[in-house]
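Inspection log for the structure reproduced underneath, given as structure tokens.
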Amino acid sequence: MTVPAAGLPARVRVHEVGARDGLQNEKAVVPTEVKAEFVHRLAAAGLTTVEATSFVHPKWVPQLADAEQLYPLLGDLEGVRLPVLVPNERGLDRAMALGADRVAVFASATESFAKANLNRTVDETLAMFAPVVSRAKERDMHVRGYLSMCFGDPWEGPVEVGRVVRVCRALLDLGCDELSLGDTIGVATPGHVTALLTALTTAGVAVDRIGVHFHDTYGQALANTLAALQHGVTTVDASAGGLGGCPYAKSATGNLATEDLVWMLHGLGIETGVDLGRLSATSAWMADRLGRPSPSRTVRALTHQEQ
Ligand code: HMG
Ligand code: MG
């Protein structure tokens with residue numbers, strides 16, 4: 001049943017991260033053909049932004065070492081945005097060589113995670129991204145700036161809003177088109193989300209340039225998303241079936257499941273363009289490939305109903 005609530009957007013763009021954030025933490029390497037089919041099925045379910053892979057060092061994320069083989073298999077997907085992660089110019093060169101037109105750099109609000117994830121201080125990572133963003137913009141590419149540990153960090157504890165605002169501003173000053181605020185370890189609660197978004201708005205960051213990226217470790221991802229929607233955010237990251245985690249952040253678990261998100265959005269009368277039945281069938285199919293059930297409540301409910 002659809003029952004709208006006041007003060008929410010009419011439409012939300014779901015930024016699907018299952019093929020990248022979802023799979024990057026899987027120990028057993030998923031065959032490239034299975035990843036390609038996963039992306040095709042996600043697109044067929046109506047997702048228009050499907051993050052495909054990362055051009056990072058293959059030793060750092062072995063699961064995504066097949067980026068060169070995977071990306072060309074997605075060439076027939078017309079009208080679907082296929083962003084890829086690039087940490088540095090080497091990654092950008094690899095992505096450009098395959099014709100990618102949307103890239104994402106990924107920063108950290110904390111020094112500990114910048115070191116663990118990119119082997120650099122926060123300011124050194126920003127210096128590493130500067131030529132990536134400027135070269136990408138010269139080619140009219142779309143650049144997303146991820147920011148991890150926006151709420152809490154496994155080594156440093158709670159993260160002050162002011163630290164987050166500083167790095168967000170730095171990413172926008174480099175030329176990033178949009179931001180994605182990462183709750184990498186899933187510790188945020190709705191008041192904290194509202195406080196961060198208010199601080200960003202006060203610092204002059206337009207809300208239409210902000211996406212949110214919640215992991216669901218403490219079961220707060222949907223509540224946090226609702227707080228972000230109430231603040232005017234219309235881009236929400238999610239991972240089909242709730243797959244995910246970050247190999248360089250202890251205690252990072254799965255992302256907000258796309259199905260759980262879409263169930264809530266459709267119940268509120270918010271358009272997404274996503275076919276929930278096809279999407280949950282895709283996650284059930286992927287769960288079979290991975291050999292364990294999806295952690296998404298919505299996937300489990302819908303696929304049981306269908307059986
Ligand atoms: P480093 O060891 O400092 O690398 O790692 P380097 O710059 O010293 O280079 C060493 C060698 O690696 C060189 O080769 C480079 O060419 C090569 P050599 O000259 O010795 O033969 N190299 C590369 N090879 C292929 N592709 C590349 C590349 N770059 C250098 N792009 C580095 C630095 C950035 C490479 C490494 O730290 C890295 O790859 N990190 C990626 C970590 C990652 O992918 N983490 C997960 C994504 S972030 C995330 O999940 C959070 C998010 O979801 C939001 C949230 O939840 O908060 C986005
Ligand atoms: Mg993530």
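Whatever order the structure lists ligands and atoms in, that order sets their numbers, starting from 1. Atom set for the values below is all heavy atoms of this structure, side chains included, hydrogens, waters and symmetry mates excluded. Bear in mind the structure is a predicted one, so any value in this text is a computation, not a measurement.
A pairwise comparison of heavy atoms in H215 and A221 identifies O-CB, 4.0 Å as the closest pair. Residues R209 and C176 share a closest heavy-atom pair of NH2-O, 2.8 Å.
At distances below 3.5 Å, at least one donor-acceptor pair connects side-chain atoms of D183 with backbone N or O atoms of A188. Under the 3.5 Å distance criterion, the side-chain polar atoms of T121 are matched with a main-chain donor or acceptor of E124. Remark: the backbone N or O of Q69 is not paired with any side-chain donor or acceptor of D66 at under 3.5 angstrom. T125 contributes no side-chain N or O that, together with a main-chain N or O of R120, makes up a donor-acceptor pair within less than 3.5 Å. Panel note: side chain T235, backbone G211; no donor-acceptor pair is recorded below 3.5 Å.
Because its NZ or CZ atom is both nearer than 6.0 Å to the ring centre of Y146 and within 45° of the ring axis, R20 counts as a cation-pi partner of that residue.
Near N119, meaning under 4.0 Å from one of its heavy atoms, ligand 1 places the atoms 1 (P), 2 (O), 3 (O). The distance from ligand 1 to the heavy atoms of L118 drops below 4.0 Å at these ligand atoms: 33 (C), 34 (C), 37 (O). In the vicinity of G91, heavy-atom distances shorter than 4.0 Å reach the ligand 1 atoms 31 (N). Near V61, meaning under 4.0 Å from any of its heavy atoms, are these atoms of ligand 1: 43 (C), 44 (O). When each atom of ligand 1 is checked for a heavy atom of H213 under 4.0 Å away, the hits are 53 (O), 54 (C), 55 (C), 56 (O). Ligand 1 places these atoms under 4.0 Å from at least one heavy atom of Y146: 54 (C), 58 (C). Atoms of ligand 1 found under 4.0 Å from any heavy atom of D21 (numbered from 1 in listed order, with element): 50 (O), 53 (O). Which parts of ligand 1 touch R94 is read off a 4.0 Å heavy-atom cut-off, strictly below it: atoms 25 (C), 26 (N), 27 (C).
Using modelled atom types and a 3.5 Å distance limit, the side chains of S283 and E259 yield a donor-acceptor pair.
Salt-bridge check for E37 with R41: passed, with a basic side-chain N closer than 4.0 Å to an acidic carboxylate O. Salt bridge annotation for D216-R297: absent, with no cationic side-chain nitrogen under 4.0 angstrom from a carboxylate oxygen.
Around atom 11 (C) of ligand 1, the closest heavy atom drawn from M149, E89, Q24, H57 belongs to H57. When the heavy-atom distances from atom 6 (P) of ligand 1 to E51, R120, Q63 are ranked, the shortest goes to R120. Taking each of F106, F214, F113, W60 in turn, the one with a heavy atom nearest to atom 36 (C) of ligand 1 proves to be W60.
The parts of T184 lying near ligand 1 are both backbone and side chain, judged by heavy-atom distances below 4.0 Å. Only the side chain of R20 comes within contact range of ligand 1, with a heavy atom under 4.0 Å; no backbone atom does. Under 4.0 Å from ligand 1, heavy atoms of N117 appear from its side chain as well as its backbone.
Interatomic distance, CZ of F214 versus CG of N224, reported as 4.5 Å (0.5 Å rounding).
Within D21, the N, O or S atom at minimum distance from the Mg ion (ligand 2) carries the name OD2. When the N, O or S atoms of H213 are ranked by distance to the Mg ion (ligand 2), NE2 comes first.
Among the atoms of S148, some N or O lies under 3.5 angstrom from an N or O of ligand 1. Of the N or O atoms in D183, none lie within a sub-3.5 Å distance of an N or O in ligand 1. Polar contact with ligand 1: present for F55 (N/O pair, distance under 3.5 Å).
Using a cut-off of 2.8 Å, one finds that D237 contributes no N/O/S atom close to the Mg ion (ligand 2).
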